[in-house]
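Read the structure below first, then the notes.
Chain naming here is simple, since letters A, B, ... match the order of the sequence lines and numbering starts at 1 in each. Both backbone and side-chain heavy atoms feed into the values below; hydrogens, waters and symmetry mates do not.
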Amino acid sequence: MLQLAYIRENRETVLAGLAKRHFANADATIDQVLTLDQQRRDTQRDLDDTLAQSNAKAKEIGALMKAGQQAEANAAKAETAALKSRSKELEESLKSVEQQLQSVLVTIPNVPHSSVPEGRAAEDNEVVLEHGEKPTLYDGAQPHWELIKKYGPDGGPLIDFELGVKITGAGFPVYKGKAARIQRAMINFFLDEAMKAGYVEVQPPIVVNEESGFGTGQLPDKEGQMYFINEEKLYMIPTAEVPITNLYRDVIVPEGQLPIKNTGYTPCFRREAGSWGAHVRGLNRLHQFDKVELVRIEKPENSYAALEEMSLHVQSLLQKLELPYRVLRLCGGDMGFTSALTYDMEVWSAAQQRWLEVSSVSNFETYQANRLKLRTKDSSGKMQLLHTLNGSALALPRILASILENNQTAEGIRVPSVLVPYCGFDRID
RNA sequence: GGAGAGAUGCCUGAGUGGCCGAAAGGAACAGUUUGCUAAACUGUCGUACUGGCAACGGUACCGAGGGUUCGAAUCCCUCUCUCUCCGCCA
């Protein structure tokens, strides 16, 4: 959530930023915020004054009673009724103004970084770089959803979608044999690489409460996209970003402990309501998938350097996996609600002849920290909101799809050599 | 799931209606002393909102939300969480 003081002092910057996102009615919304903010402050001051008078009266009454001047005390008591009803009124209008203000504020997305390109949709994203050679496949090459039928244990598929439908539903595949093992290998490889890069591994809960959903911005923006356990009022996480970042909710981090670098593996759950169009076959889009996530908490002045570092880390993983990839700088219209700058990493899927998004690395600046009340005390003793960042490193299914497709030969599928020590085989056949 | 106890500032912990934004100790920070370390002494030591150029004020917060009262950390109600015991169980 944007800081009120920031909106107040940088109205034009905020408006320009929202324009880049093609946020509708930005002018009216910001004006509404500013009006409500002024109302809130006026009411606050009236209320404080009234309460100050009440406090003075109460003190007076106390003194009178101590002095044994009962009659005077009773007279003074009579005067408090008006103050009391006045403060009650003001309290109610303050509460209502604050609620209105809050409800508008949560609908305003983050202000994009100056480097974010203009644009409405995915086609307008900027290709920052492309790396690696797209492989030329042999004649009998197939997309991964066909390939998986060929190499499973006991003549069955490597990844069984129908079995998933039976026990759960569409989008919940069952990985078997070498598919299960290569997934486990990737998780370990990714976590080890993160550890080498200085990230501390955490194993968070994979269901979270409403406060956590709000803290990182999934609520109220993406309410319908998360699975919800009604009995306990808990949400199943769409990404490890949610529990890991919320570890630092309401925390004042000592300056010396910064930056904080965490990594964690979790399954992720997404309802993907309304997004089952074309191109969602096989592993391309699932309701449950595995992901290793990076989360960083940085001083504001370091956050963009940290973002570049995370981008390079993700790229190094893709290089080690020998996958052709490209890096996109998302345009204003395609960026997530809470992000100020996002890089998407996409791998080439040779049989589908498409790029598949496997990582998204973002700097949220203070947008999440403001909701989380995640701060540090700077050297002058002042409280300061920190910057939060996160990135996938990496999401598994599409990496697997790309490995299957790009590395297929008539004799089977070659396993990238970095994974061989982790999974114990070098070929799926 | 049943019974009991509790929730106070960075930590320990006092406080059962006004003198309490809150004792005391510890930690931390700054300074004095000191050959160094330690010790000792002195001082600082919550957050949010708000007024003011500032100095300095106002208000709120003692798990959360209500209530009683002129006045609540303190009394009442509801909820949440923690701990102990019992049951069940990976």
Side-chain angles (χ1 to χ4, degrees), chain A residues 1-9 33-106 203-215 229-235 243 246-258 260 267 297 366 368-386:
Chain A
M1 184 156 65
L2 296 175
Q3 296 167 82
L4 262 177
Y6 182 81
I7 300 177
R8 225 183 276 149
E9 288 154 25
V33 165
L34 293 176
T35 306
L36 285 168
D37 178 45
Q38 189 57 50
Q39 264 179 51
R40 179 190 123 260
R41 288 197 284 164
D42 292 345
T43 311
Q44 176 82 252
R45 192 170 30 212
D46 281 358
L47 175 61
D48 286 356
D49 287 348
T50 310
L51 289 174
Q53 288 177 49
S54 291
N55 287 344
K57 240 349 156 206
K59 238 170 215 162
E60 204 179 292
I61 292 166
L64 287 170
M65 289 180 66
K66 207 174 215 172
Q69 298 173 283
Q70 201 50 241
E72 288 85 342
N74 287 335
K77 273 191 203 182
E79 295 172 37
T80 61
L83 287 172
K84 210 175 178 181
S85 68
R86 173 107 180 105
S87 61
K88 197 147 241 169
E89 257 170 50
L90 287 167
E91 228 162 78
E92 267 159 38
S93 49
L94 180 64
K95 202 184 270 180
S96 131
V97 171
E98 273 175 348
Q99 270 167 13
Q100 289 175 58
L101 183 56
Q102 179 77 0
S103 69
V104 181
L105 226 35
V106 296
Q203 279 190 2
I206 60 171
V207 291
V208 295
N209 58 29
E210 192 190 345
E211 291 74 41
S212 296
F214 178 78
I229 301 166
N230 192 51
E231 195 73 5
E232 316 290 346
K233 308 294 178 211
L234 295 173
Y235 295 86
N246 271 280
L247 257 25
Y248 303 96
R249 171 150 49 85
D250 291 317
V251 171
I252 297 162
V253 184
E255 220 177 3
Q257 285 178 21
L258 293 166
I260 290 172
I297 296 168
T366 59
Q368 291 181 331
N370 190 34
R371 292 186 173 200
L372 295 162
K373 296 194 175 57
L374 165 54
R375 297 165 295 174
T376 191
K377 222 175 233 193
D378 67 22
S379 43
S380 68
K382 259 186 64 183
M383 284 296 181
Q384 189 184 24
L385 288 174
L386 289 164

Exercise for the section: Using the closest heavy atom to pick a nucleotide of RNA chain B for each, name whichever of K57(A) or K88(A) lands nearer the 5' end. Expected result: K88(A)
Problem - Atom-to-atom span, CD of Q257(A) to C1' of rA28(B) - whole angstrom - result: 14 Å
Handout entry: Sub-4.5 Å side-chain heavy-atom contact between I61(A) and T80(A)
Key = yes
Exercise for the section: Using the P atoms only, state how far rU84(B) lies from rU74(B), rounded to an integer number of Å. Expected result: 27 Å
Exercise for the section: Would you mind reading off the distance between N74(A) atom CG and rC70(B) atom C1', rounded to a whole angstrom? Expected result: 10 Å
Handout entry: Atom C1', compared across rU34(B) and rA40(B): separation rounded to whole Å
Key = 11 Å
Completion exercise
When both distances are under 3.5 Å in a Watson-Crick or G-U wobble arrangement, the nucleotide paired with rA72(B) is none
Problem - Pairing of E98(A) and K95(A) as salt bridge, 4.0 angstrom limit - result: no
Handout entry: Whole-angstrom distance between rC61(B) and rA22(B), as gauged at atom P
Key = 14 Å
Handout entry: Nucleotide forming a Watson-Crick or wobble pair with rA54(B), both distances under 3.5 Å
Key = none
Problem - Who pairs with rC61(B) - Watson-Crick or G-U, where each distance is under 3.5 Å - result: rG46(B)
Exercise for the section: With C1' as the reference atom in both, quote the distance from rU68(B) to rA30(B) in angstrom, rounded to an integer. Expected result: 47 Å
Problem - Salt bridge flag under 4.0 Å for residues D49(A) and R45(A) - result: no
Handout entry: Main-chain N/O of E92(A) paired to S96(A) side chain as donor or acceptor, under 3.5 Å
Key = no
Handout entry: Nearest non-hydrogen partners of S54(A) and L83(A), listed with the distance
Key = OG-CB, 3.6 Å
Exercise for the section: Taking the side chain as every heavy atom from C-beta outward, state whether N209(A) and L234(A) have any pair of such atoms under 4.5 Å apart. Expected result: yes
Handout entry: rC70(B) versus rC11(B) - spacing of their C1' atoms, nearest Å
Key = 38 Å
Exercise for the section: Quickly work out the K77(A) NZ to rC70(B) C1' distance and round it to whole Å. Expected result: 6 Å
Problem - Complementary nucleotide of rA14(B), counting Watson-Crick and G-U pairs under 3.5 Å - result: none
Practice task
Taking the side chain as every heavy atom from C-beta outward, state whether L105(A) and L4(A) have any pair of such atoms under 4.5 Å apart.
Solution key: yes
Problem - Separation between the P atoms of rG1(B) and rG67(B), rounded to whole Å - result: 30 Å
Completion exercise
Atom CD of E255(A) and atom P of rC29(B) are separated, to the nearest Å, by 14 Å
Exercise for the section: Look through every strand shown and name the nucleotide pairing with rC36(B) as Watson-Crick or G-U wobble, where both distances are under 3.5 Å. Expected result: none
Practice task
Please state how far atom NZ in K59(A) lies from atom P in rA72(B), giving the value in whole angstrom units.
Solution key: 12 Å
Exercise for the section: Please examine the side chains of N246(A) and E211(A), heavy atoms only from C-beta on, and report whether any two atoms are closer than 4.5 Å. Expected result: no
Exercise for the section: Give the rounded distance in Å between these two atoms: CE of M65(A) and C1' of rU69(B). Expected result: 11 Å
Handout entry: Sequence-aligned protein contact record of nucleotides 46-65 of chain B, with B where the base is within under 4.0 Å of a protein heavy atom and S where only the sugar-phosphate is
Key = SSSSSS------BSS-----
Completion exercise
When both distances are under 3.5 Å in a Watson-Crick or G-U wobble arrangement, the nucleotide paired with rC41(B) is rG31(B)
Problem - Nucleotide opposite rU80(B) in a Watson-Crick or G-U pair, distances under 3.5 Å - result: rA7(B)
Problem - Inter-nucleotide C1' distance (rC20(B), rA14(B)), Å rounded - result: 12 Å
Fill in the blank from the handout: Using Watson-Crick geometry (N1-N3 plus N6-O4 or O6-N4) or G-U wobble (N1-O2, O6-N3), each under 3.5 Å, rG1(B) is paired with rC86(B)
Problem - Separation of the P atoms in rC10(B) and rA48(B), to the nearest angstrom - result: 12 Å
